[in-house]
Amino acid sequence: MARAAKAAYWEQHHSDWRQSGLTQKAYCTQHDLKLVSFSYWRKRLASPAAGNKLIPLAVHRPPEAVVVISTGDMRMEIPLGSLEQVLPIIRRSLRESA
């Protein structure tokens, strides 16, 4: 049975069960259904993402790590991703000022 057909089958049973006034167990016994399957589909059909395999998630990027370089009266905060480009410039500056 295809997924959509299964969902329709169980939706109909759940609708009939709500109208019957029977307990889930009694309804399942009367209709030769497995209670565990009935309960599974009841939860699945009640969920807002019923049938969806993907659930949207919000992903937040953590703040980038920073390297702090300080010398006497100077303090620099350099993003870790930029360190490779910035470090040779800093070294060159320090050599020229010495």
Side-chain angles (χ1 to χ4, degrees):
M1 190 181 304
R3 240 181 239 177
K6 279 184 186 179
Y9 171 83
W10 285 106
E11 276 185 62
Q12 186 60 54
H13 270 294
H14 285 96
S15 176
D16 293 346
W17 162 69
R18 282 195 244 13
Q19 293 173 4
S20 73
L22 298 170
T23 64
Q24 290 180 43
K25 186 176 180 179
Y27 182 87
C28 289
T29 302
Q30 195 175 66
H31 291 87
D32 197 28
L33 301 171
K34 291 183 182 178
L35 181 59
V36 69
S37 297
F38 187 86
S39 298
Y40 167 82
W41 278 97
R42 182 171 180 231
K43 288 176 187 171
R44 184 169 179 175
L45 293 169
S47 109
N52 290 342
K53 295 267 182 186
L54 300 176
I55 299 170
L57 298 174
V59 179
H60 300 284
R61 185 175 163 192
E64 189 171 359
V66 174
V67 175
V68 177
I69 300 174
S70 60
T71 59
D73 61 341
M74 185 175 70
R75 176 184 164 95
M76 293 183 283
E77 294 184 12
I78 304 165
L80 193 57
S82 308
L83 193 59
E84 191 175 348
Q85 290 105 12
V86 174
L87 205 52
I89 297 168
I90 293 171
R91 190 167 35 158
R92 195 173 331 120
S93 274
L94 289 172
R95 280 189 189 156
E96 291 172 2
S97 66

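Along the sequence shown, the residues carry numbers beginning at 1. For the numbers below, each heavy atom of this structure counts, side chains included, while hydrogens, waters and symmetry mates do not.
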**OP:** Using atom types as modelled and distance alone, determine if a side-chain donor or acceptor of Trp41 lies under 3.5 Å from a backbone N or O of Glu11.
**Re:** no
Original post:
Between atom CG of Leu87 and atom CD1 of Ile69, what is the distance when rounded to the nearest 0.5 Å?
Top reply: 6.0 Å
Original post:
Which heavy atom in Ile78 sits nearest to a heavy atom in Ile90, and how many Å separate them?
Top reply: CD1-CD1, 3.5 Å
**OP:** Quick one: which residue pairs count as a side chain to side chain donor-acceptor pair (under 3.5 Å) with a foot in residues 73-83, not counting sequence neighbours?
**Re:** Arg75-Glu77
Original post:
Any link between Leu83 and Met76 through a network of hydrophobic side chains (Ile, Leu, Val, Met, Phe, Trp, Tyr) touching at under 4.5 Å?
Top reply: yes
Subject >> Verify same cluster id: Val86, Met74 (apolar side-chain graph, 4.5 Å) >> reply: yes
Original post:
Hey, what do you get for CZ (Arg42) to CH2 (Trp17), rounding to the nearest 0.5 Å?
Top reply: 4.0 Å
**OP:** Taking the side chain as every heavy atom from C-beta outward, state whether Phe38 and His14 have any pair of such atoms under 4.5 Å apart.
**Re:** yes
**OP:** Would you name the heavy atoms of Ala26 and Thr23 that are closest together and state the gap between them?
**Re:** N-OG1, 3.0 Å
Original post:
So do the side chains of Tyr27 and His13 get within less than 4.5 Å of each other, counting heavy atoms only?
Top reply: yes
Original post:
Which residues pass the ring pair (Phe, Tyr, Trp, His ring centres under 6.0 Å) test with Tyr40, sequence neighbours left out?
Top reply: none
Original post:
Is it true that a side-chain atom of Ser15 and a backbone atom of Gln12 form a donor plus acceptor pair closer than 3.5 Å?
Top reply: no
Subject >> Rounded distance (nearest 0.5 Å) linking atom OG of Ser20 with atom CZ of Arg18 >> reply: 10.5 Å
Original post:
Tell me the salt bridge (Lys or Arg N to Asp or Glu O under 4.0 Å) pairs involving residues 24-41, sequence neighbours left out?
Top reply: none
**OP:** Taking atom CD of Gln85 as the centre, report whether more than 12 heavy atoms of other residues, nucleotides or ligands fall under 6.0 Å from it.
**Re:** yes
